[in-house]
Amino acid sequence: MNEVLTALKTRRSIRKFRSDPVPQALLDEIMEAGLYAASGMDRQKTIILCLTDPDVIARLSRANAQIAGYKEGTDPFYGAPAVLVVLSPKEVPTALYDGSLVLGNLMTAAHALGLGSCWIHRAYEEFKQPVWQEFLRQLGLKGDYIGIGHCVIGYPDEHPEASPRRSGRIFYVGKEKR
């Protein structure tokens, strides 16, 4: 089977990571793959924050858990040593779609490089908060960005099997199925 199709079919969301740091060279490869995602009118406006500082990751994890209403001490990032935050300018009409495609590329690229990943929600709510808007300004980012999602990345401590695919989800219109 084609390597790309194999990667797409075997990638799973990982929710248990080893503590080993991910080499920056691998993160750079993953982010580059993310930047090759399709975008509306080829605007290429989506950005990626590469977080590897444990203190920043812990702060963001606590904010995420609070938004989700999780009990104190819950880590919605599952102990991943790297978090790639995907943001898009608010004024871009395809911001959500563009950022979602970037996240898909990030997860597939991570898997292809032997790493695990998981898309974690609530970036939208986090980056509406003044403290995280200020964080972006301190990084030198100008403009009004919305959070699309987080891609947590690390070496998987387990790799779940795929659940069977549900049938009845493809419909043919036009000529008969060949």
In this structure, are over 12 heavy atoms from other groups packed under 6.0 Å from [X] atom [atom1]?
X      : atom1 : value
Gln24  : CD    : yes
Glu72  : CD    : no
Gln133 : CD    : yes

From CG (Leu115) to CG (Leu106), nearest 0.5 Å: 12.0 Å

Any pair counted as ring-ring contact (aromatic ring centres under 6.0 Å, His included), so long as it reaches residues 103-129, sequence neighbours left out: His111-His159, Trp119-His121, Phe127-Trp132

ring-ring contact (aromatic ring centres under 6.0 Å, His included): pairs with one or both residues in residues 63-107, sequence neighbours excluded: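 Qualifying pairs: Phe77-His150.
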
Sidechain-backbone polar pair: Ser39 side chain, Arg43 backbone, donor-acceptor under 3.5 Å: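 The answer is yes, because a donor-acceptor pair under 3.5 Å joins these two groups.
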
Backbone N/O of Pro164 and side chain of Arg166: donor-acceptor pair under 3.5 Å: no

Count I, L, V, M, F, W, Y as connected when their side-chain heavy atoms are under 4.5 Å apart, and connections chain through other members. Are [X] and [Y] then in the same cluster?
X      : Y      : value
Leu103 : Val22  : yes
Ile67  : Tyr145 : no
Val83  : Leu136 : yes
Met31  : Val85  : no
Leu139 : Leu60  : yes

Hydrophobic cluster of Val173, others only, ordered by chain and residue number, side-chain cut-off 4.5 Å: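 None; Val173 is a cluster of one.
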
Of all the heavy-atom pairs spanning [X] and [Y], show the shortest one and how long it is.
X      : Y      : result
Glu126 : Asn64  : OE2-ND2, 2.7 Å
Ile153 : Ala110 : CD1-CB, 4.4 Å
Gly99  : Thr46  : N-OG1, 3.8 Å
Ile146 : Ala95  : CD1-CB, 4.0 Å
Cys118 : Met107 : C-SD, 4.3 Å
Phe17  : Gly79  : CB-O, 4.2 Å

Could you tell me whether the side chain of [Y] reaches within less than 4.5 Å of the side chain of [X], counting heavy atoms only?
X      : Y      : value
Ile48  : Leu35  : yes
Ile148 : Ser100 : yes
Ser163 : Glu161 : no
Arg15  : Pro160 : no

Glu125 with Lys128: basic N within carboxylate O range, under 4.0 Å: no

Ser61-Asp75 side chain donor-acceptor pair, cut-off 3.5 Å: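 Looking only at side-chain atoms, Asp75 and Ser61 do form a donor-acceptor pair, the distance falling under 3.5 Å.
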
